[in-house]
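Reviewing the structure listed below.
Chain letters run A, B, ... following the sequence lines, proteins first, then strands; residues in each count from 1.
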Amino acid sequence: MPRYQPARIEPKWQSWWQAHDTFATPRLPSGRKRYVLDMFPYPSGDGLHVGHPEGYTATDIVARFERMRGTSVMHPMGFDAFGLPAEEHAIRTGTPPRESTARNIETFRRQLKMLGFSYDWGRELATTDPGYVRWTQWIFLVLFDTWFDPTTGRGRAIAELPIPPEVSAAGEAEVARHRDAHRLAYQSEAPVNWCPALGTVLANEEVIGGVSERGGHPVVRIPLRQWMLRITAYADRLEQELEGVDWPASIKKLQSDWIGRSTGAEVDFFIAPPGAHGAAFADWSAARRGGGFPQRPGHDVIRVYTTRPDTLYGVTYLVVAPEHPLVDALTTAGQREAIAAYREAAARKSDLDRTDLAKEKTGVFTGAHCIHPLTGAPVPVWVADYVLATYGTGAIMAVPAHDERDWEFARTFGLDVITVVEPTGGHGHSGTLFTGDGRAIHSGPYDGLDTRTFIARVGADLAATGLGRPAVNYKLRDWLFSRQRFWGEPFPILHELGPDGQPTGAIRALDEGELPVRLPELTDYRPGDTPDPPLARASDEWLVVERDGRRYRRETNTMPQWAGSCWYYLRFLDPNNSDRFVAADVERAWMPVDLYIGGAEHAVLHLLYARFWHKVLYDRGHVSCPEPFGRLVNQGMILGEMEFTGYRSEKGGWVSAEQRAEADTPARVRADQVEKQGEHFVLRDSPRTRVESRAYKMSKSRGNVVNPDQVVRDFGADSLRLYEMFMGPLEATKPWSTTGVSGVRGFLDRCWRLVVDERAEDPVLAPQVVDDQPTDDQLRELHRTAHKVTADIESLSFNTAIARMMEFVNVFTPLDRRPRAVLEPFVTILAPFAPHLAEELWEVLGRPAPVSLAAWPAVDERWLRDDVVEVPVQVNGKLRGRVTVPADADTAALEAAAAADPRVAELLAGKQVVKVVAVPGRMVNFVIR
RNA sequence: GCCGGAGUGGCGAAAUGGCAGACGCGACGGACUCAAAAUCCGUUGCCCGCAAGGGCGUGUGGGUUCAAGUCCCACCUCCGGCACCA
């Protein structure tokens, strides 16, 4: 019976922990605190994937380790439960999303408990809980009540927004409009991918080649009223405050690139009226000289944004985006038809397709010209979709000699190229592409200036003459925050209805006390014929409300899935608080998160959105720190098992992998049918046939998905945990290997036999476990293991920590007398990694449960030092011998001992020793001639 | 195209500029067994050699250094991300 049986001991200790509330966290920490957080999962219908336990085991080891060291540990888990799959399942089957979500959560919870994670389950939450939604909506109201004050760089209450006199003079409604236009949560008409055939709005990634991914129906981009969050106001802080957080440099860079700050200038180009434009331009420039550069461009100019105002003299044409508001006004009669056709084609393409077709530039001449602000020369205006309406001003000045895109466009359409920058130290050939910095030529008064000086000077000159101004732009766009979907948080917003039952355009926020706004009961989740969200079909009972004698219609969009995950780390601290989203003292005591582990797929969006919300809450005084996440680590992906793939021709014969043709079909080859030959694997029976070897991402279609339930059944939860940590570095991508799991299981079996008598009927101590005083060597082994494992957990190097424990077991397994005084501390070291086994061994050793809260062994430095060390002796850098010397032997002693080694002496005989390098405790090298 | 990351035994991997391959898998040999499994012990980078020993070896080519998997330069391959942001 007492073989190591995870199926018996794992459920036993899971129930014990649950019954004893072993991992319950107090409201406030005492002493040192650690907030150890996992990115919570979306509870999909497929259940847990082996990728989940990787990060979860890593944090669990850290949490358990810290607890054993007396740290107050916050280690919660919950579910990111709103989202599309549940809704699509509902459309297919009619099951309400709330039901399928509840079922999926149950599965996830069971699986997470089965793996023995030490979460405080009393803090579990789901983003779909009404008690959670309430506060998500409350935070939305905070965003709605906040404007960004550029003078202080902070968000402030909307009541503090200065109202210009002309606005207050225009009346109450105008003041409201002014406020609405400055809120961090605002409405705008943004283009969306609308698929009439499917009756739904699609995400960009659901549109391929202008048609829907599912069904291949045409998709058009239509403007639709949307909720936006003004994340761009925080762009600078989101970028700059990355400096203070302990994140991988690559993730910081990813975020910084995503924010994409660029500096340059905006310049206005006067639109030449047909006919005599000279005089009009002169008047216009004179007016600008006096009046300055207007805040918003009038209808008489095209405003462009450029990062290279030093190339102004090289402008040969302008381009406006197809959606640019002035296109109609610009287009001449002769070009009207061509422009209309072009714009319609552009509307059919998603942003993704536009960029996909990057090779071939397209565009149409509008027939209009602008006047170059510095030279007065006419410049043709084109419409082309290589210019994005959503970036900068939606219009550019084209400098084909110094911009690759403009260069390609100009070559396609035979437009002029004027060289105005030449590389410093050489002269560029006129009419070629040069995008680097250099020295100005053909640039009037600026000739000879280097690029940087030119940019500064022309910026000042443009500002002085009212023709332009320095400007900053971001790739980051405001966050499109509404979805035309059912399964998300409703907005706590009402739209006022006029006497005719139509919206007046006025909106009002619900009071805090009215939250949460619950989702209405619907029987049908299907999309309709219009882009109206499903909630628009709710009964009037839900939809229409009266407040203060006025009628309102509820907002029928819902929030995107990101909303719930933007602040869950705060709610975990105080999940049942019904007065506040988190109590202030609790927040101050636990925040920020000390260790945050999750997949790299959230490197940009989730982390950026959460940081944005956090900063707004910080500005408004609701949280105490500006950044939510201190140390961030991305676990790597776990791939399927390594596969060998051969190729067969149509006739059925093998084709070597490097010669395969399109028509050849791949075939799985078993590992025992191949062998390595040089760089490649070949078929054993046909050594000239190469086969491909690699591991693939796990996917249902490939059939290489590993199911954690199955692994637990076959090997136990502790084996799964330990294997995932032993596979390699946490952050690396690594292939699954079933034999690897069984190897780790073998180690746990050996741990078991180290302590337990396998031949006895009951779990009793092995006869080898004795009360002997441990020897010095045994203590050395123990303390070194403890020392190494401690350091490795702190650096998240779990694979080497486990290797060290294996060495320990290898040392003690052959011993007939194993001192309890060494085994007991070892069991505590094992506990964070294989907690169920450790609890069972602890019990067999007769110690009071739980080992999970036992003290982590103290390391005695004394046992880390060696008395004697063996150092390598090199001659000319080649290893020629080893000598054993006292650990504290100095350079001279070391050199003498090395020279005395017979083999070394032989090699040195008759040679001239040019130099000796002796590093105490490490090595000796004789350089001879 | 741009930006990351990675290339080390048959495989997963380890290695503050100082003995390359710890640890695990696999393989081979041995003990136990009627036998097998399990377990325990041993061997295992490649080549030459009976051995002692020697040579080669961390994607490729150069460089720095007494000493390079590790630092520098150039290149190749694979993986991931971004992709007309003016």
Specify the separation, in whole Å, of atom [atom1] of [X] and atom [atom2] of [N].
| X | N | atom1 | atom2 | answer |
| --- | --- | --- | --- | --- |
| A:Phe726 | B:rC23 | CZ | P | 10 Å |
| A:Met806 | B:rG24 | CE | P | 6 Å |
| A:Glu408 | B:rG1 | CD | C1' | 10 Å |
| A:Trp407 | B:rA86 | CH2 | C1' | 17 Å |

How far does the [atom1] atom of [N] sit from the matching atom of [M], given to the nearest Å?
| N | M | atom1 | result |
| --- | --- | --- | --- |
| B:rG57 | B:rC19 | C1' | 15 Å |
| B:rU8 | B:rC79 | P | 15 Å |
| B:rG45 | B:rC23 | P | 12 Å |
| B:rA14 | B:rG9 | C1' | 13 Å |
| B:rA52 | B:rG5 | P | 45 Å |
| B:rG21 | B:rA15 | C1' | 9 Å |
| B:rU64 | B:rA74 | C1' | 15 Å |
| B:rA86 | B:rU77 | C1' | 34 Å |

### Summary
Going 5' to 3' through nucleotides 50-80 of chain B and flagging B where a protein heavy-atom sits under 4.0 Å of the base, S where only the sugar-phosphate is that close, and - otherwise, we get ---SSSS---------B------------S-
### Query
Base, backbone or nothing for each nucleotide of nucleotides 25-44 of chain B, written B, S, -, heavy atoms under 4.0 angstrom, 5' to 3'?
S-------------SSS---
Nucleotide paired to [N] in any strand shown, Watson-Crick or G-U, under 3.5 Å:
| N | result |
| --- | --- |
| B:rG49 | none |
| B:rC71 | B:rG63 |
| B:rA35 | none |
| B:rU77 | B:rA6 |
| B:rA15 | none |
| B:rA20 | none |
| B:rA83 | none |
| B:rG29 | B:rC41 |

Sugar-phosphate only, base, or nothing, as touched by [X] at under 4.0 Å among non-hydrogen atoms:
| X | value |
| --- | --- |
| A:Tyr305 | sugar-phosphate |
| A:Glu870 | base |
| A:Asp406 | nothing |
| A:Lys676 | sugar-phosphate |

### Query
Which residue pairs satisfy the salt bridge (Lys or Arg N to Asp or Glu O under 4.0 Å) criterion with at least one member in residues 308-322 of chain A, sequence neighbours excluded?
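Applying salt bridge (Lys or Arg N to Asp or Glu O under 4.0 Å) to every pair that reaches into residues 308-322 of chain A, excluding sequence neighbours, yields A:Arg308-A:Asp310.
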### Query
Below 4.0 angstrom from OP1 or OP2 of B:rG24, is there any side-chain N or O of A:Asn799?
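No, because none of the side-chain N or O atoms of A:Asn799 sits under 4.0 Å from OP1 or OP2 of B:rG24.
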Measuring only between side-chain heavy atoms, which start at C-beta, is [X] closer than 4.5 Å to [Y]?
| X | Y | value |
| --- | --- | --- |
| A:Val916 | A:Val924 | yes |
| A:His402 | A:Leu433 | no |
| A:Glu870 | A:Val883 | no |
| A:Glu643 | A:Asn704 | yes |
| A:Thr435 | A:Asp403 | no |
| A:Leu607 | A:Trp247 | yes |

### Message
Using the side-chain heavy atoms of A:Ser262, tell me which of these nucleotides is nearest: B:rU16, B:rG81, B:rA86.
### Response
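Side chain of A:Ser262 sits closest to B:rA86.
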### Query
Going by distance alone, is a donor N or O of one side chain under 3.5 Å from an acceptor N or O of the other, for A:Thr390 and A:Arg477?
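Side chains of A:Thr390 and A:Arg477: pair found under 3.5 Å.
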### Task
Please list, chain by chain and in numerical order, all residues satisfying salt bridge (Lys or Arg N to Asp or Glu O under 4.0 Å) with A:Arg922, sequence neighbours excluded.
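With neighbours one apart ignored, the set is empty.
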### Task
Enter syn or anti for the glycosidic conformation of B:rG55, syn applying to angles within 90° of 0.
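Glycosidic conformation of B:rG55: anti.
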### Task
Could you tell me whether a side-chain N or O of A:His372 sits under 3.5 Å from a main-chain N or O of A:Leu312, the two making a donor and an acceptor?
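The answer is yes, because a donor-acceptor pair under 3.5 Å joins these two groups.
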### Query
More 5' along RNA chain B: A:Met727 or A:Gly392, using each one's nearest nucleotide?
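By nearest-heavy-atom nucleotide position, the 5'-most residue is A:Met727.
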### Task
Report the residue (A:Gly260 or A:Pro729) whose heavy-atom-nearest nucleotide on RNA chain B is the more 5′ of the two.
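Per heavy-atom nearest nucleotide, the more 5' residue is A:Pro729.
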### Pair A:Phe681 and A:Phe644, ring centroids less than 6.0 Å apart
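Ring-ring flag for A:Phe681/A:Phe644: true, centres closer than 6.0 Å.
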### Query
What about the rings of A:Phe409 and A:Tyr317, do their centers lie closer together than 6.0 Å?
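Under 6.0 Å, so yes.
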Tabulate below the donor-acceptor pairs under 3.5 Å that side-chain atoms of residues 632-642 of chain A make, not counting sequence neighbours, or state none.
{"residue": "A:Asn634", "atom": "ND2", "partner": "A:Gly598", "partner atom": "O", "Å": "3.2"}
{"residue": "A:Asn634", "atom": "ND2", "partner": "A:Gly599", "partner atom": "O", "Å": "3.3"}
{"residue": "A:Glu641", "atom": "OE2", "partner": "A:Thr738", "partner atom": "N", "Å": "2.9"}
{"residue": "A:Glu641", "atom": "OE2", "partner": "A:Thr738", "partner atom": "OG1", "Å": "2.5"}

### Message
Name the residue from A:Val789, A:Leu796, A:Thr790 that meets the side chain to side chain contact (heavy atoms under 4.5 Å, CB included) definition with A:Ile793.
### Response
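Only match with A:Ile793 under side chain to side chain contact (heavy atoms under 4.5 Å, CB included): A:Val789.
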Where do N or O atoms of nucleotides 4-8 of chain B meet protein N or O atoms at under 3.5 Å, pair by pair?
none

